[in-house]
Amino acid sequence: MPVSDPNQLLTVIDQASFAMDDVLLFLDTHPCDQAALGYYQYVAKIRNDAKEAYEAGYGPLTVDHVRSNQYWTWVQGKWPWEGGNSTCGIMRNGCSTR
């Protein structure tokens, strides 16, 4: 995946997740549609690649993706409200009342 900026990776993950949800609704009523199945596999790969790239550079997105059995990596780095790499932290900072 050529994107390396954490916010861009999160955007790709969000967009691919939305596309997956959308095509899954279609597949509920059209389970044999080969084009829809192919599109689902395409966006699922984009999402998975973006998640792997994000987690390799910035840590796990969800607690079930902690990759270490030596220590608990979930709490390393800045939390979103501390200005960490998340859209919530950026929005908070942009709307700060300080």
Side-chain angles (χ1 to χ4, degrees):
M1 168 137 296
V3 178
S4 62
D5 176 67
N7 293 320
Q8 287 179 328
L9 286 168
L10 290 173
T11 298
V12 170
I13 293 166
D14 288 343
Q15 291 172 348
S17 296
F18 180 85
M20 287 174 65
D21 289 342
D22 194 42
V23 75
L24 283 173
L25 291 172
F26 180 80
L27 286 167
D28 284 345
T29 58
H30 302 79
C32 297
D33 189 303
Q34 293 301 306
L37 287 168
Y39 182 70
Y40 173 81
Q41 293 167 350
Y42 168 74
V43 293
K45 180 172 178 8
I46 289 172
R47 181 177 180 267
N48 189 51
D49 290 349
K51 283 180 66 180
E52 286 180 2
Y54 183 93
E55 289 176 349
Y58 307 101
L61 285 168
T62 56
V63 71
D64 60 323
H65 286 128
V66 173
R67 292 191 176 9
S68 175
N69 59 3
Q70 302 297 317
Y71 57 92
W72 191 242
T73 59
W74 179 249
V75 296
Q76 289 184 334
K78 290 183 176 181
W79 291 84
W81 54 87
E82 297 173 321
N85 293 322
S86 85
T87 54
C88 293
I90 292 168
M91 289 173 59
R92 183 192 64 78
N93 289 340
C95 298
S96 179
T97 57
R98 291 184 198 179

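Nothing here was measured: the structure is a model prediction, and the numbers come from that model.
Applying the side-chain hydrogen bond (donor to acceptor under 3.5 Å, both in side chains) test to pairs two or more places apart or on separate chains, those with a residue in residues 37-46 are K45-D49.
In this structure, E55 and T62 approach most closely via the heavy-atom pair OE2-N, 4.4 Å. The two residues L61 and K51 make their nearest non-hydrogen contact at CD1-CG, 4.1 Å. Minimum heavy-atom separation, L9 to A50: CD2-O, 4.0 Å. The heavy-atom pair separating R47 from A16 by the smallest distance is CB-CB, 3.6 Å.
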Show which side-chain atoms of residues 29-36 pair as donor or acceptor with protein atoms under 3.5 Å away, not counting sequence neighbours.
from, atom 1, to, atom 2, distance (Å)
T29, OG1, F26, O, 3.1
H30, ND1, F26, O, 3.2
D33, OD1, A35, N, 3.0
D33, OD1, A36, N, 2.8
Q34, NE2, C32, O, 3.4

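Residues L24 and I46 are members of one and the same hydrophobic cluster, defined by side-chain heavy-atom contacts under 4.5 angstrom among Ile, Leu, Val, Met, Phe, Trp and Tyr.
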